[in-house]
Each structure stands twice: as C-alpha cells, then as structure tokens.
Novice: 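If you scroll down you'll find the structure; I have some questions about it.
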There are 2 protein chains.
Amino acid sequence: MPFTRTLPLVGISTSDINKADACCSPLTHEAIAPDQADALARSLKALADPARLRIISIVAAHADAEACVCDLTDQLTLSQPTISHHLKVLVDAGYLSRTKRGTWSYYSLVPGSLDTVAGVLAAV
Amino acid sequence: MPFTRTLPLVGISTSDINKADACCSPLTHEAIAPDQADALARSLKALADPARLRIISIVAAHADAEACVCDLTDQLTLSQPTISHHLKVLVDAGYLSRTKRGTWSYYSLVPGSLDTVAGVLAAV
DNA sequence: CGGTAACATTGATCGTTGTCAATGTCTACG
DNA sequence: CGTAGACATTGACAACGATCAATGTTACCG
C-alpha cells in the first residue's frame with residue numbers, strides 16, 4: 001500500500017491565519033503533508049510514462065486482467081529488457097503483480113490500485 | 001485541454017485474437033492508443049513531483065482556490081525561482097491559471113482539471 | 001524619477017531515468 | 001545433459017528534470 005487512503009484534508013483548523021495585510025487569502029482547510037506529497041508523487045511517477053500506461057492498459061484489456069510478457073513485446077516497439085524494466089517499476093509501485101507459470105511470466109492488475117491513486121488525486 | 005475525456009476503451013472488438021496456442025489470453029476490449037498514452041503521461045508527469053503536489057494542495061486549501069506566490073514561498077523550502085518554475089509547469093499542463101493584480105501573481109486551480117485526469121486514470 | 005519589492009527568465013549543475021546490448025537464470029524438452 | 005526459449009539483471013549512455021545563483025522585468029512608493 002503505497003500511501004494511506006485517508007488524507008485528512010478537510011475540516012481541520014480554518015483558524016488564526018490573519019496576516020491582516022496585503023496579498024494572502026485565508027485558508028479553508030489544511031494542505032497536504034510533505035511526506036504524503038512524497039508518497040503520492042512516487043506513485044504518480046510510476047504511472048507517468050507512455051510505455052507503462054500502455055502496459056497497464058494492455059494488461060487490463062486481457063481476460064482476468066492478466067497478460068504475459070509476449071503480449072507486451074508484440075504490441076510495444078521496445079526491447080525486451082526495456083519492457084522488463086517497466087514491469088519492475090509497476091510491480092514495485094504496487095500496480096501489477098507477477099506470477100510465473102512454467103516458462104512464462106504473467107502480470108496482473110492489482111485490483112483497486114488505479115482507483116485508489118485516482119481517488120487520492122481527486123481529493124487534492 | 002490536455003487530452004480528450006472519452007477514451008474509447010470499452011466494447012470494441014473482442015474479436016479474432018485466437019493465437020490458438022500457448023501463453024496469451026484473449027482480449028476483452030481495446031487497449032489505450034499510443035498517442036493517448038503520451039498525452040496522459042504528460043499530464044501525469046506534471047503532477048508527479050512532491051513540490052508541485054504541495055503547490056496544488058496549498059492553492060486548493062485557500063479560499064476561492066486561489067493563492068499568491070508568497071503563500072508558497074512561505075510554506076515550501078524552495079527558492080523563489082524553483083517555485084516559479086514549478087508554477088509554470090502546472091500552468092502549462094492546465095492545472096493552474098495565473099492572474100496578476102498589481103505586484104502580486106495569483107494562481108488558481110483550473111476547476112475540474114484534477115477530476116478529469118483522475119477519471120481518465122480510473123478508466124485505465 | 002530613483003529605489004524597492006514581487007515575480008519571471010536565463011544559465012549552469014547534477015542527479016534521475018528511459019533505452020538498449022550483453023549476459024545471466026531458469027524451465028522445458030529431446 | 002545439452003540446447004533452446006522466456007524472461008530478468010547488469011552496465012553504459014544519452015536525455016531529461018529539479019534546483020539555485022544571477023539577472024531581467026514590471027509595478028508601486030517616496
């Protein structure tokens with residue numbers, strides 16, 4: 001789980017911040033914490049690559065949200081080590097999981113991982 | 001508008017793909033197109049930075065979802081040119097808009113921009 | 001009209017990352 | 001047990017990006 005689901009963004013202080021003068025407007029709630037920003041940025045960075053987005057989409061397009069590496073090397077114009085590297089990034093970030101059956105490696109979507117990061121994003 | 005809202009991901013072909021042999025499972029729908037993956041990756045890359053996430057959160061935490069640069073230099077331990085650079089990235093990506101009033105620059109959240117990218121993400 | 005304050009732009013540096021060639025590992029098969 | 005196939009790992013390189021110091025631009029003030 002790369003980051004917690006409950007970002008405490010709402011209804012905290014709305015307190016003192018009267019700088020009383022020029023430019024700055026008041027706050028309505030707390031901003032995100034630095035370490036939460038770090039975690040979310042790491043999760044987003046793993047997604048922010050065209051090849052990795054296509055990999056996720058190809059996996060999701062397969063029955064049972066599972067595909068083997070040969071499915072990917074077919075459709076992506078990238079070398080096999082490069083695809084393997086992207087797959088490792090996605091597994092490490094928690095979006096995909098790997099299963100070996102015989103010679104073949106199958107990658108599956110981790111259920112809810114995309115929705116979680118999308119939800120956190122929409123919650124600021 | 002960084003990318004179109006309607007990703008035609010569902011209900012297309014489910015067609016021929018009988019590789020008839022070993023490893024590959026059938027498709028249930030089409031995968032994302034390469035140029036859509038490029039556009040989405042660009043949008044995500046603009047978000048995939050801790051400083052920029054904090055900037056967006058700070059702006060969103062202010063009344064009317066608007067903050068001036070001094071609000072940001074106060075809270076972020078980054079130099080003023082660096083913050084200005086991040087703001088430019090976010091404006092170019094369509095997440096923030098800029099307004100000058102007198103000496104001060106005010107940055108506002110573009111309504112719906114975060115929800116749009118979150119929605120596209122959740123749609124694979 | 002000089003000076004200052006707020007912010008943007010430029011230029012340089014340095015760590016990060018996407019990519020591939022080469023090689024390694026492991027499994028199936030004859 | 002040797003060979004071939006599927007995939008992972010390593011090493012190297014080039015491109016990118018985050019950061020800051022220095023400088024530029026513009027508005028306000030005395």
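Order of the sequence lines sets the chain letters (A, B, ...), proteins ahead of strands, with each chain counted from 1. Nothing here was measured: the structure is a model prediction, and the numbers come from that model. Excluded from the calculations below are hydrogen atoms, water molecules and symmetry mates; all remaining heavy atoms, backbone and side chain alike, are included.
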Novice: Is the side chain of A:D74 donor-acceptor paired with the backbone N or O of A:D71 at a distance under 3.5 Å, no angle test?
Specialist: no
Novice: Considering residues at least two apart in sequence or located in another chain, which fulfil the side-chain contact (heavy atoms from CB on, under 4.5 Å) criterion with A:A51?
Specialist: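 With neighbours one apart ignored, the set is A:D49, A:L78, A:H86.
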Novice: Need one value for A:S84: base, sugar-phosphate or nothing, where a base atom within 4.0 Å counts as base even if backbone is also close, heavy atoms only.
Specialist: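 If one applies the 4.0 Å heavy-atom cut-off, A:S84 turns out to touch a base.
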Novice: How long is the line joining CD1 of B:I55 and C1' of D:dT19, in whole Å?
Specialist: 13 Å
Novice: Between the side chain of B:S113 and the main-chain N/O of B:L109, is any donor-acceptor distance below 3.5 Å?
Specialist: no
Novice: Any carboxylate oxygen within less than 4.0 angstrom of a Lys/Arg side-chain nitrogen, looking at A:R101 and A:E66?
Specialist: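 Answer for the salt bridge query: yes.
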Novice: B:T28 side chain to A:A61 main-chain N or O, any donor-acceptor pair under 3.5 Å?
Specialist: yes
Novice: Report the distance from atom NZ of A:K88 to atom C1' of D:dC7, rounded to the nearest whole Å.
Specialist: 14 Å
Novice: Could you tell me whether the side chain of B:S57 and the main chain of A:I32 form a donor-acceptor pair under 3.5 Å?
Specialist: yes
Novice: When every nucleotide of nucleotides 25-30 of chain C is labelled 5' to 3' by its protein contacts under 4.0 Å (heavy atoms), B for base, S for sugar-phosphate only, - for none, what sequence of letters results?
Specialist: --SS--
Novice: For nucleotides 14-20 of chain C, give me every protein contact, N/O to N/O, under 3.5 Å, one pair per line with atom names.
Specialist:
unit_1 : atom_1 : unit_2 : atom_2 : d
C:dG18 : OP1    : A:R52  : NH2    : 2.9
C:dG18 : OP2    : A:R52  : NH1    : 3.4
C:dT19 : OP2    : A:H86  : NE2    : 2.4
C:dC20 : OP2    : A:S79  : N      : 2.9
C:dC20 : OP2    : A:S79  : OG     : 3.0
C:dC20 : OP2    : A:T82  : OG1    : 2.8

Novice: Taking B:R52 for the side chain and B:K45 for the main chain, is one N or O donor matched with an acceptor at less than 3.5 Å?
Specialist: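 Yes: the side chain of B:R52 pairs with the backbone of B:K45.
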Novice: Return the value, rounded to whole Å, for the distance between atom CG of A:D74 and atom P of D:dC7.
Specialist: 10 Å
Novice: Rounding to a whole Å, what distance do you find between B:L53:CG and D:dA18:C1'?
Specialist: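 Roughly 14 Å, once rounded to whole Å.
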Novice: Quick check on B:D92: does its CG atom have over 12 non-hydrogen neighbours (other residues, nucleotides or ligands) under 6.0 Å away?
Specialist: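 Result for CG/B:D92: enclosed.
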Novice: Output yes when at least one side-chain N/O atom of B:Y107 is less than 4.0 Å from OP1 or OP2 of C:dA8, else no.
Specialist: yes
Novice: Please confirm whether the shortest side-chain N or O distance from A:R98 to OP1 or OP2 of D:dC7 is below 4.0 Å.
Specialist: no
